[in-house]
Protein chains: 2
Amino acid sequence: MATLKDISTELGLSVATVSRALNGFPEVGARTRARVQEAATRLGYRPNRSAQRLATGRSGVVGMIVKLRADMSADQTFFDVLTTLTAELAARDLDLVLSVDQGNDPVAPYERMLERDLLDGFVLNAPVPNDPRPGFLRARGVPFVMHGQAHAAPDYAFFGIDNRAVCADAVELLASLGHARIALINGEARFAFAEDREQGFRAAMAVEGLAVPDGFVAGGAPTESTGYTQALAWLSGRAGPRPTAILCATTPVAQGVLRAARDLGLSMPGDLSVIAHDDALPGIRPAHFNPALTVTHAPLRDACAPLAQMLVDHLNGAPPARLQTVNRAGLIVRASTGPVPKGEERPWQTP
Amino acid sequence: MATLKDISTELGLSVATVSRALNGFPEVGARTRARVQEAATRLGYRPNRSAQRLATGRSGVVGMIVKLRADMSADQTFFDVLTTLTAELAARDLDLVLSVDQGNDPVAPYERMLERDLLDGFVLNAPVPNDPRPGFLRARGVPFVMHGQAHAAPDYAFFGIDNRAVCADAVELLASLGHARIALINGEARFAFAEDREQGFRAAMAVEGLAVPDGFVAGGAPTESTGYTQALAWLSGRAGPRPTAILCATTPVAQGVLRAARDLGLSMPGDLSVIAHDDALPGIRPAHFNPALTVTHAPLRDACAPLAQMLVDHLNGAPPARLQTVNRAGLIVRASTGPVPKGEERPWQTP
DNA sequence: CGGTTTTCTCAAACCGCTTTGAGGCTGACG
DNA sequence: CGTCAGCCTCAAAGCGGTTTGAGAAAACCG
């Protein structure tokens, strides 16, 4: 493997000039630079990361923590982000190293990774309310970007979607179709996004003048069985009048809801409207559900390029508070939503 | 952050002595070593990885390629291995960096990663017959370990299970229960493990004197729908006499088979015996299937610690041909296998 | 044409650690 | 007491880059 010195002797230049030429410094002449670059590609020169890091203090490696549950499984959505992010970072000459963690202390794995003394920064995900990680990393002076929005106006770099709007848009659509009894199967309550969605849901329902009785906002793991179980409970009518529409946190949840409705002999959207938020995970096709699923659509994957770029900018000294993006999910109306069933226009009684 | 030099000046020693004391070299006296270690902990010394790497020529980072399919999804089993492997490597002071690839050239992504000049070695997985990767990496002098066994007696380090025995054990169990019409839903034919399993299956059937007509060895993606579709085809009886037992490549496939059998009103194990190979993926509980699934059991995860250790040993100069392990899957008999149904003991006609 | 900028290039220091080769000190032995 | 191991320690040379301060060459100026 060719080194700077190889190039410099080859060309009769000093290593300093070669280094500058390659790194785009202005002091080096155009002709010299061209010669150097030609020689570099010809000799197959690749900077040695360790040497670069030693000299600059930067490694070109960033980290991410995989949170494992007790059963050793990880969040399915994590891997979609992981793979895309890896590719986006690689395109920007950054490598991503993983670390897995099963513990309860949210910052300990970050601390351990920092001790390995390899990382330039972190990508965080799945923020929770009052997440301790940003404070910890800022105190250590470690750059990071957050996937997801924990609070209004954080002072760090993040990419998120407007989770209040996700539910508000869905409620607005359903209300315009005459629905009054709308229930929500939210994500796991401990995550910030779920908190935001519930707020958006309740606010939009209030705007429409609709009640949300206790028990018709549920939460749980983003799985088919969560949707099935919860929908069965609601639609059996034992908990009071059936909802005429159900909002689902994810498309697998919606699959469960659809199955429950089918099992109960309900037609869609005749008897029940279903709408879900769609993270656009690979291998799940809401458009091919039966009926085709109406969704708010915001591919998780879309966050990766912005996050990668933010992290690069941050590492290059950009002020993190400037590196913030909030996307809005798009509403895609398909066949799973329709007008409220005749005779079911009555809202729930306010408790 | 304290450096070696800080310690050396603090103690009036040279950096060389301090380095040796800390790294356990025999030339340094016990008293000196104790003093150095005390000072190191007192000053909070941490060796600078980059400097160590620059000096030793090793980075402490190994790589792995994630193969993405056209739909951007990755093999589910990959992530189970990935997380466990990451943890096992970290325990041995190695970091794992990923690279994603969607191309057709099997070695190109490895080449690209090598160009980044960051890696000490690779972990490969999912070998195919005549896999070109080992040859490529050996030619480059890059250490690697393989998860899975591509051939009899390769000359590189690998960890695998005896895939012939997986099917042979299953066939032997079923034959002992009187089954004669045994079908196989194998994994994707392009992988080496599937080839081995089919060989094991056919060999064991031959030993039992049982025929395997065309069409009763299928293959496909390791999914529930593969199992459902294939089982439906076989069990409907349109393709000839039903099999009385079905071997499945994975537990999700078995789930599909169970569903198909239920849909057709078949009882298990009364009308049909089912057995699967169980990779022990998190979140899948064959013991809780209905009926509880008989399996050959070999957690993919079990490969990770041996692989990590092999890679460490290899990096430390152990001859790779010595670093080979073949595990044997355990047979766990549960409720999905039983005696052949009365009147169904007749084998298929040899074609 | 001499003097001053500007432009380009270089040698050398440095990052923090490992490793080599040499030398000083100790004690045992003759 | 002189000598020779053996034990300990040291200075110094890398590892492969980046960065500084200075000098040489070229361009500009009056």
Side-chain angles (χ1 to χ4, degrees), chain A residues 1-40 43-61 93 95 114-120 315-317, chain B residues 1-37 39-40 43-61 93 114-120 315-317:
Chain A
M1 180 125 293
T3 71
L4 273 195
K5 197 192 288 189
D6 294 337
I7 300 182
S8 72
T9 57
E10 169 92 5
L11 260 46
L13 293 173
S14 76
V15 288
T17 303
V18 175
S19 170
R20 294 195 142 130
L22 256 24
N23 291 328
F25 279 61
E27 304 95 323
V28 61
R31 237 177 57 82
T32 310
R33 181 177 315 247
R35 281 176 61 217
V36 169
Q37 275 165 343
E38 182 277 328
L43 299 176
Y45 168 77
R46 298 276 157 197
N48 177 315
R49 295 294 195 121
S50 302
Q52 264 182 333
R53 164 147 169 76
L54 182 56
T56 63
R58 283 177 48 179
S59 65
V61 178
D93 220 36
D95 290 298
L114 287 177
E115 283 181 358
R116 300 180 73 79
D117 196 25
L118 172 74
L119 298 183
D120 286 347
L315 291 174
N316 289 334
Chain B
M1 182 126 289
T3 70
L4 272 195
K5 196 193 287 188
D6 294 337
I7 300 182
S8 73
T9 58
E10 169 92 6
L11 261 44
L13 293 173
S14 77
V15 287
T17 304
V18 175
S19 170
R20 293 194 143 129
L22 257 24
N23 290 328
F25 278 61
E27 304 94 324
V28 62
R31 237 177 58 82
T32 311
R33 182 178 315 247
R35 281 174 62 214
V36 169
Q37 276 166 342
L43 298 177
Y45 168 77
R46 301 227 162 247
N48 179 315
R49 296 302 196 103
S50 305
Q52 271 182 329
R53 286 168 193 143
L54 182 56
T56 60
R58 283 176 47 178
S59 67
V61 178
D93 222 36
L114 287 177
E115 285 182 356
R116 301 180 73 79
D117 194 26
L118 173 74
L119 298 183
D120 286 347
L315 291 174
N316 289 334

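Computed from a predicted model, the values in this text were never measured in an experiment. Each chain gets a letter, A, B and so on, in the order its sequence line appears, and its residues count up from 1.
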[X] side chain near [N] phosphate (N/O to OP1/OP2, under 4.0 Å):
X: B:Thr32; N: D:dC8; answer: no
X: B:Gln52; N: C:dT18; answer: yes
X: A:Ser19; N: D:dT18; answer: yes
X: B:Ser14; N: D:dC10; answer: yes
X: B:Thr3; N: C:dG16; answer: no
X: A:Asn23; N: D:dT18; answer: yes

Checklist entry - When we call it a touch if two heavy atoms are under 4.0 Å apart, what does B:Arg46 touch: a base, just sugar-phosphate, or nothing? => result sugar-phosphate
Checklist entry - Using a cut-off of 4.0 Å on non-hydrogen atoms, how would the nucleic acid contact of B:Gly29 be classed: base, sugar-phosphate, or nothing? => result sugar-phosphate
From C-beta outward on [X], which listed nucleotide comes closest to its side chain: [options]?
X: B:Leu13; options: D:dG17, C:dT19, D:dT9; value: D:dT9
X: B:Ala16; options: C:dG16, D:dT18, D:dA12; value: D:dA12
X: B:Glu27; options: D:dG17, D:dT9, D:dG14; value: D:dT9
X: A:Asn48; options: D:dG16, D:dT20, D:dT9; value: D:dG16

Item to check | A:Val61 to A:Leu118 - nearest heavy-atom pair and separation | outcome: CB-O, 3.9 Å
Checklist entry - Between B:Arg53 and B:Asp120, is there a side-chain N and carboxylate O pair less than 4.0 Å apart? => result no
Item to check | Length of the CG-P vector between A:Leu4 and D:dC15, whole Å | outcome: 13 Å
